[in-house]
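Because the structure is a prediction, the values reported are computed rather than measured. Order of the sequence lines sets the chain letters (A, B, ...), proteins ahead of strands, with each chain counted from 1.
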Amino acid sequence: MRLFEFEAKKLIKDEGIPVPEGRMAEDVSGVKKIFSELGGAPVVIKSQILAGARGKSGGITFAGTAEQAEEEAGRLLGSKIREFPVKNVLIEEKVKIAEEFYLGVTIDRMRYKIVLIACAEGGVEIEEVAKSSPEKIKKLAFDANEDFYPHHGLVIARRLGLSGDKMKEFGKIASKLFKAFKKYDAKLLEINPLVYTDDGRWVAVDTRMSIDEDALFRQKTLVELGVEGRHEEGELTPRELEAREAGIPYLDLDGNIGMFPGGAGMGIASIDLITDLGGSPANFMDSGGGPTPERLARMLKLLVDNPKVDVIFGARFGGVSRCDVFAEGVIMYLKDEKPEKPMIMRMTGNMWKEGLEMFEKAKAESPGLFEKIKIYGIETPIEDVAKEAVEAADEISAGKGVVR
Amino acid sequence: MRLFEFEAKKLIKDEGIPVPEGRMAEDVSGVKKIFSELGGAPVVIKSQILAGARGKSGGITFAGTAEQAEEEAGRLLGSKIREFPVKNVLIEEKVKIAEEFYLGVTIDRMRYKIVLIACAEGGVEIEEVAKSSPEKIKKLAFDANEDFYPHHGLVIARRLGLSGDKMKEFGKIASKLFKAFKKYDAKLLEINPLVYTDDGRWVAVDTRMSIDEDALFRQKTLVELGVEGRHEEGELTPRELEAREAGIPYLDLDGNIGMFPGGAGMGIASIDLITDLGGSPANFMDSGGGPTPERLARMLKLLVDNPKVDVIFGARFGGVSRCDVFAEGVIMYLKDEKPEKPMIMRMTGNMWKEGLEMFEKAKAESPGLFEKIKIYGIETPIEDVAKEAVEAADEISAGKGVVR
Amino acid sequence: MSILIDEKSRVVVQGITGGAGVFHTKKMLEYGTKVVAGTSPGKGGHEIEGVSVYDTIEECVKEQGADVSVMFIPPRFVLDGAIEAIEAGIRLLVVIPEMIPVHDMLKIRLAAVKKGCTVIGGNTAGLISPGKCNVGIMPEITFKQGRIGIVSRSGSLNYYVADTLTKSGLGETTCVGLGGDPILGSTFSDILPMFENDPQTEGVVIVGEIGGVYEEEAAGAIKKMKKPVVFFVAGRNAPKGKRMGHAGAIVEGDMGTADSKIRAMKEAGAGIAYKFSEIPGLFGSKVGTGR
Amino acid sequence: MSILIDEKSRVVVQGITGGAGVFHTKKMLEYGTKVVAGTSPGKGGHEIEGVSVYDTIEECVKEQGADVSVMFIPPRFVLDGAIEAIEAGIRLLVVIPEMIPVHDMLKIRLAAVKKGCTVIGGNTAGLISPGKCNVGIMPEITFKQGRIGIVSRSGSLNYYVADTLTKSGLGETTCVGLGGDPILGSTFSDILPMFENDPQTEGVVIVGEIGGVYEEEAAGAIKKMKKPVVFFVAGRNAPKGKRMGHAGAIVEGDMGTADSKIRAMKEAGAGIAYKFSEIPGLFGSKVGTGR
């Protein structure tokens with residue numbers, strides 16, 4: 001879960017890492033005052049959105065006078081940068097850059113290590129440097145129970161060719177960054193660029209931090225920052241927000257087939273299945289993990305209510321999430337909401353026969369509800385069921401005059 | 001370095017370990033008030049001295065009324081327990097004991113582990129239990145980088161046969177004790193007895209803590225407690241205090257030969273040497289580590305000023321502490337203080353010839369100072385020099401009518 | 001034969017007195033799994049489904065000879081419980097809970113490697129050696145004792161692949177669900193050599209997913225294998241995932257996409273299945289048909 | 001031959017720019033020790049006594065092939081410096097400073113064992129292989145290349161014992177000062193097998209002191225040795241030391257006295273010397289006289 005730049009900067013500043021002097025603004029009314037508080041010198045105005053490449057996208061701007069600052073802040077506030085609405089801006093002193101470094105901490109999942117990474121060529125092109133000149137990227141790897149000692153900071157600074165006080169101060173910043181990484185259960189914490197100024201100071205000009213949502217239970221400071229329920233990047237669509245509030249792992253896609261596929265793995269695989277057959281999924285969903293009938297009904301409603309969705313494709317493999325419970329949830333939904341959209345589903349696994357019988361019984365009771373509903377069992381291959389869903393969706397699309 | 005009981009209890013209480021409700025008193029004036037503050041129920045009055053076995057030595061007493069409490073506190077305050085003057089007492093509620101346990105943390109130097117130790121038979125006889133029924137002593141060993149997890153507390157509690165909430169609470173106390181041990185750079189932290197009360201509570205009735213003097217630089221809380229400069233057990237003699245203030249490792253012994261032996265190892269070995277020859281050392285001293293002439297003079301003064309000392313035995317092996325520097329220090333002392341007591345010394349190692357020459361020269365200049373001074377070089381075995389010192393000491397003793 | 005678990009495995013259920021613990025203890029017992037003990041601190045001495053409950057795993061190992069543990073405890077307690085199991089000498093630990101803090105998983109992995117314990121999960125459905133032992137929450141319905149090993153990150157895909165193998169007559173030796181969390185107790189590389197050394201296993205299906213680097217990392221292990229390997233990956237058509245900052249790119253490079261995984265697997269000599277139904281055929285004549 | 005250090009050892013001095021660092025660098029160079037580098041963070045690029053100063057040990061290893069490090073830094077920085085040396089691949093670390101926190105020594109030992117580094121000290125005078133290499137602060141005057149290894153806790157006793165051996169004509173292979181701190185980087189047990197495996201060493205003198213349990217612990221290592229061992233202990237007549245509470249007694253039992261050490265050594269087959277002068281004779285005909 002990604003933090004806003006101003007949040008990340010606050011956290012590393014609290015650890016003692018120097019950041020530019022700055023203030024937040026939600027509207028233009030205070031901007032002139034902020035400008036003078038920052039010393040009346042040129043400032044940088046940075047839109048606070050959860051996305052990278054803000055500079056290239058016009059999300060970062062500069063001002064030399066209070067009037068200019070107000071104008072530029074006003075231009076950013078309320079605008080959209082990379083489709084993300086700018087709700088507030090960070091106004092900071094403009095740092096006089098002599099050199100730009102990269103310094104980051106992350107987890108190497110392959111080796112189960114915490115890795116400190118540094119490069120003497122910071123800035124936005126750091127990934128290019130990593131590809132074209134990997135020898136310029138310096139790394140130190142730590143086991144989870146290994147402490148970061150002062151010499152680690154010096155070693156990585158030396159590998160970058162630093163010396164004297166410049167090396168020592170860089171080492172201290174590395175030490176503090178590593179400490180903050182562990183303290184906040186971070187998955188990523190990087191300073192880019194870490195600037196060495198004209199007058200011989202280190203300043204963290206931009207900072208990115210992603211923290212582990214699963215560790216929030218022990219992160220009082222982060223919870224107080226209000227980070228719960230955020231995306232890694234960007235913001236949630238209204239439907240994604242609705243899903244998150246209901247506790248359903250869900251992502252919007254562009255297509256017209258509502259995907260109701262079981263666990264996360266099958267959620268991804270069924271997107272391949274539909275796409276390979278020429279269909280176009282409307283979403284990713286993880287409906288596994290043993291949901292209750294009520295929850296299954298809620299999931300189905302989320303899909304059907306999406307105006308883009310023409311057809312529902314369902315694939316239930318009854319494990320923890322048993323087919324009888326699945327049938328109960330689907331029938332509950334059908335009775336409550338009487339949806340008009342076709343649903344093409346397959347059930348197999350635990351209790352699939354019982355589930356099919358429940359559908360038969362419900363259909364016998366209210367045949368009207370089942371006019372557009374097809375339920376297959378273990379004997380029909382999933383590829384056939386998917387194909388039927390794709391064909392049904394194409395037909396409806398064609399009827400609407402949509403070419404896919 | 002050992003802490004007083006009340007200090008150790010304060011530290012573990014801060015970690016959340018329950019200790020008896022109590023107050024300190026330096027004189028009797030406040031004792032009645034304390035008695036009523038503690039609820040007017042029977043109290044225990046414990047002399048605060050840096051020594052064990054206080055109970056057996058009369059250092060712990062009980063009182064059922066305010067008057068009794070005042071009387072008992074008054075009796076302890078100003079008295080000596082095991083030769084240690086009682087400067088203050090800890091007055092505590094008398095805990096209703098159902099069971100007594102032992103719980104401690106220390107370092108196993110042989111295996112380089114931190115060890116949690118527990119026994120269901122606490123109290124003063126725990127060492128006897130360890131000898132007679134070692135299987136009753138339960139231990140868990142940790143590497144320095146291993147964390148103490150909640151289950152460790154449960155495991156050791158289960159090994160003692162505890163269950164239910166009694167086990168869980170014991171486990172939490174073990175966890176807190178271990179935490180305090182590491183937090184304060186302790187060498188020993190034990191609760192004995194850890195009492196389970198009539199009404200189902202755990203209370204740390206007595207606590208012993210020794211902390212690592214060498215780690216005080218990072219132990220602000222301990223420094224604020226005022227622990228610097230304490231002995232492991234008991235208090236310093238005036239001469240030991242004088243030595244400590246001068247930074248000289250020194251211990252008083254009972255004999256009449258002042259020992260001036262070089263490093264710590266030789267300090268101990270020379271006590272054997274003199275004792276084997278029938279002599280009686282007056283002290284232990286570590287005069288190694290490259291002292292300055294001024295410091296050597298200071299050491300010698302400390303020895304000669306001791307009225308018990310009849311003869312000085314010196315043995316210098318010039319390593320870091322060179323013989324020429326040694327000679328300079330001794331000559332400086334002789335000139336400044338003009339001591340009357342005989343000194344019998346040997347020098348070898350780095351610059352021993354130069355040292356001898358310096359002595360010869362000084363003797364030629366002021367022969368009066370050297371009347372009772374003998375300095376041997378590398379050619380005389382140390383055993384012979386020691387023998388001469390013992391004989392000289394015996395002669396003086398005999399002259400005083402002392403039989404050794 | 002099979003890997004990691006068989007009819008001799010003696011299983012302890014951590015958190016046996018919770019709802020999921022009780023339910024799945026019953027299911028595992030029904031399958032024939034030897035659930036010999038359970039833990040629930042403070043509730044030692046009770047019984048669940050005829051299984052003795054203890055306060056600590058140490059007691060389960062000492063008194064019941066437990067050697068496998070499966071967890072049904074909240075994620076925030078997994079670290080403590082895992083270290084306990086590892087220290088008690090459990091040789092296979094199955095972490096069913098999901099959403100375990102990544103820093104905790106690093107510590108668990110470290111302790112496990114030190115003590116030679118295999119940790120599976122978190123967020124796994126567990127593992128099954130059909131006809132012998134089922135540890136976790138996998139439905140037994142699609143599995144049948146046979147010749148192929150499955151190692152998968154996803155539980156649901158595991159079922160579909162097993163279903164295909166069972167129907168084809170090949171059947172399975174052991175199916176291992178590595179789990180869906182971002183940092184896993186074991187990776188494909190850890191499991192593949194076990195299949196290679198298992199006499200009954202004739203081939204292995206690796207079921208991957210986009211994201212992470214565990215599939216790419218497995219290439220080295222596959223190259224060392226003599227047995228045929230088939231790879232199926234989910235997410236070829238998924239929208240491109242978001243990178244974890246520059247550091248993620250620096251550490252993981254271009255890995256993590258379905259393309260990079262397929263490329264690595266092909267290069268290592270694995271057959272690539274694009275549909276479940278292609279899987280049995282890809283083993284071709286390399287394994288017995290068993291029909 | 002000798003153990004741990006010889007004429008090929010390439011020594012780095014940690015804290016080379018401090019007073020003691022400069023002085024002993026000079027002394028070691030005069031002895032012929034190959035001091036190839038020194039460290040002093042922030043002063044990289046300088047020279048001390050002709051020796052290049054670096055900011056980190058990593059550079060000393062990489063650029064000068066250093067494999068031994070000797071520390072002249074304040075005790076509170078020893079932990080950091082020791083971990084740095086160990087991680088940089090130093091195989092012998094000599095910790096001259098005294099009063100190092102015991103919890104720090106536990107961490108240093110752990111890191112050293114993991115990486116196969118031998119740590120000597122803290123509070124040691126160092127070690128010397130006479131005629132080849134002298135690392136630390138021992139005066140060279142009493143040492144002469146010969147047949148006997150010495151391992152001692154005390155620096156000053158080391159000199160007296162070496163003096164005796166040198167005068168007897170036996171001489172020394174390597175003299176190791178384990179150090180005077182309560183927790184040491186290496187113990188007698190760690191050093192004795194090195195002497196047993198050193199072709200030139202014909203016998204070993206163990207110089208012990210009251211307190212601690214390292215002498216008692218060494219009994220096991222002595223029993224495994226074929227070479228003769230002589231034990232000298234200081235403190236037979238010292239007043240009885242104070243126990244570290246009950247826990248100390250529980251962990252260390254009755255160990256720590258001169259009696260218990262002599263008993264353990266006798267039982268392990270070591271000769272016991274009560275005076276320095278007895279030491280050469282106790283080797284008897286087991287080693288060549290070399291006169």
Side-chain heavy atoms of C/Leu110 within contact of A/Tyr112, under 4.5 Å: no
To the nearest 0.5 Å, tell me how far A/Ile271 CD1 sits from C/Ile210 CD1. 8.0 Å
Chain A contact via C/Tyr159 - side chain, backbone, both or neither, heavy atoms under 4.5 Å: both
Students often mix this up, so state it plainly: with edges at 30° and 60°, are the rings of C/His103 and A/Phe181 parallel, tilted or perpendicular? tilted
Hey, mind stepping through C/Arg236 and A/Asp276 against salt bridge (Lys or Arg N to Asp or Glu O under 4.0 Å) and telling me if it holds? CA-CA 9 Å; C/Arg236 286 177 288 108; A/Asp276 286 349; 2.6 Å; yes
Enclosure of C/Glu267 CD (heavy-atom neighbours >12, cutoff 6.0 Å): no
For A/Ile378, is it the side chain, the backbone, both, or neither that has a heavy atom closer than 4.5 Å to a heavy atom of chain C? both
Which answer fits C/Ile137, side chain, backbone, both or neither, if we ask what part of it has an atom under 4.5 Å from a heavy atom of chain A? both
Using side-chain contact (heavy atoms from CB on, under 4.5 Å), reason through A/Met266 and C/Asn158 one step at a time and then give a plain yes or no. CA-CA 9 Å; A/Met266 193 55 200; C/Asn158 214 334; over 6 Å; no
What distance separates A/Cys323 SG from C/Ile141 CD1, expressed to the nearest 0.5 Å? 7.5 Å
Is it the side chain or the backbone of C/Arg76 that comes within 4.5 Å of chain A heavy atoms, both, or neither? both
Is chain A contacted by the side chain of C/Ser277, its backbone, both, or neither, given a heavy-atom distance below 4.5 Å? both
Charged N to carboxylate O under 4.0 angstrom, C/Asp181 versus A/Arg109? no
Can you say whether A/Ala186 sits under 4.5 Å from chain C via the side chain, the backbone, both, or neither, judging by heavy atoms? backbone
Can you establish whether the number of heavy atoms outside A/Lys182 located under 6.0 Å from its atom NZ is more than 12? yes
Over 12 foreign heavy atoms within 6.0 Å of NZ, A/Lys353: no
I'd like to know which of C/Arg109, C/Lys27, C/Lys275 tops the heavy-atom pair count under 4.5 Å against chain A. C/Arg109
Need one label for C/Val233: side chain, backbone, both or neither, based on atoms under 4.5 Å from any heavy atom in chain A. backbone
Spell out, as yes or no, whether a donor-acceptor pair under 3.5 Å connects the side chain of A/Asp272 to the backbone of C/Asn237. yes
Here's a test for you: under side-chain contact (heavy atoms from CB on, under 4.5 Å), which of A/Asn145, A/Ile114, A/Asp143, A/Asp108 qualifies with C/Leu106? A/Ile114
Just verifying a value: how many Å separate C/Met105 CE and A/Asp214 CG, rounded to the nearest 0.5 Å? 11.5 Å
So, the part of C/Phe276 with a heavy atom under 4.5 Å from chain A: the answer is both
Is C/Pro101 close to A/Arg218 at the side-chain level, that is, under 4.5 Å between some pair of heavy atoms? yes
Would you call C/Tyr274 and A/Leu273 a side-chain contact if the rule is heavy atoms closer than 4.5 Å? no
Between C/Ser154 and A/Gly265, which heavy-atom pair has the shortest distance, and what is it? OG-CA, 3.2 Å
For the residue pair A/Ile268 and C/Glu209, what are the closest heavy atoms and their distance? CD1-OE1, 3.8 Å
